Amino acid sequence: MYIINKESLNALERSIFSILIKEIKQNDTLSITDAALVCNCSPSKISKFVQKLGFKSYKEYLAFVSGRSSTVIPNENERLNKFLENFNSAISNDFAAYLQKFEKIILFGYGPSFIAGQYFEYKLRNLLEVPIWAVAHETSINDLLSKNNLVIIFSVTGQFKSFNELYENVISKNSKVAFILEEGCTEFLETYDYTIALSNFIQSPELMPHEKTRTTFFAFIEAVIKQLETSSIENTIKSRKKI
């Protein structure tokens, strides 16, 4: 599980990010020394950069960006066990905190992914005091969109349909887009600012996107909701102590 949040990067780090994405597409074995060379910085700067993004090492970052970290596990029970064994609660906690920065939340997905959005809407309405909607059409997002909103897009592969036009429209309204992908689609990394890739353990490529399960979405949602509930209880206790 990885979170790629370019909003946390400074100007130099964003430049490094863009350069390396392009370079790794051409050379998926790019060494950290060569990465530093093309970015005109030191290897230690590259190491600090990937750690800031949440990767343990440059090697792990390289494997993710190149797509070599993904493993196909056709057996769904085995795949989900692997997913849960490697679940990173720090990412769900970070996302729970991120949600609370916005004045409105819009959840979107095509086909079965929309159902995940509906479930998240139901859960969030009991915890956040902001308008929350799950929608199935991009035109509905345009009707609801205003300043300081968060549009959360659920997608298994990120490849069913381009989200570029939607993304640009949201950004133009001074709002943000968060992509929650089951599979680590590296095409998202170059353009978009906030992406969560839930699993390196992917479903059979023989399945069409609508045929793939959304179980990891629901597991992630439950972890986010749990963190929001914990934060709510902690805030209530702090308020009572002040009284």
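Quantities reported herein were computed from a predicted structural model and do not represent experimental measurements. Start at 1 with the first residue, then count along the sequence. These numbers come from the heavy atoms of this one structure, side chains and all, not from hydrogens, waters or symmetry mates.
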Just list the side-chain donor-acceptor pairs under 3.5 Å for residues 83-90, sequence neighbours left out, or say none.
{"residue": "Asn86", "atom": "ND2", "partner": "Lys82", "partner atom": "O", "Å": "2.8"}
{"residue": "Asn88", "atom": "OD1", "partner": "Ala90", "partner atom": "N", "Å": "3.0"}

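By the salt bridge (charged side-chain N to carboxylate O under 4.0 Å, His left out) test, Lys52 pairs with Glu13, sequence neighbours left out.
In summary, the side chains of Asn142 and Thr139 do not present any donor paired with an acceptor at a separation below 3.5 Å, with no hydrogens or angles considered. Judged purely by distance below 3.5 Å, without hydrogens or angles, the side chains of Gln51 and Tyr58 never pair a donor atom with an acceptor atom. Under the 3.5 Å distance criterion, with hydrogens and angles disregarded, a donor-acceptor pair is assigned to the side chains of Thr29 and Asn27. Side-chain atoms of Asp34 and Ser31 include a donor-acceptor pair closer than 3.5 Å.
The minimum heavy-atom distance linking Val130 with Phe102 is given by the pair CG1-O, 3.6 Å. The two atoms that bring Glu182 and Thr213 nearest to each other are OE2-O, 3.8 Å, heavy atoms only. Between Leu124 and Leu99 the shortest heavy-atom distance is CD2-CD1, 4.1 Å.
Taking a 6.0 Å sphere around NZ of Lys173, one finds it holds more than 12 heavy atoms contributed by other residues, nucleotides or ligands.
Counting only distance, with no hydrogens or angles, the side chain of Glu168 and the backbone of Glu165 share no donor-acceptor pair below 3.5 Å.
Relative ring orientation between Tyr2 and Phe55 is described as parallel, the plane-to-plane angle staying below 30° on a 0-90° scale split at 30° and 60°.
Chaining together hydrophobic side chains whose heavy atoms lie under 4.5 Å apart places Ile73 alongside Phe201.
The aromatic ring centres of Phe163 and Phe179 sit less than 6.0 Å apart. Not less than 6.0 angstrom separates the ring centroid of Phe114 from the ring centroid of Phe108.
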Residue pair Tyr98, Tyr194: steps toward the ring-ring contact (aromatic ring centres under 6.0 Å, His included) verdict: CA-CA 10 Å; Tyr98 188 69; Tyr194 195 105; 4.2 Å; yes

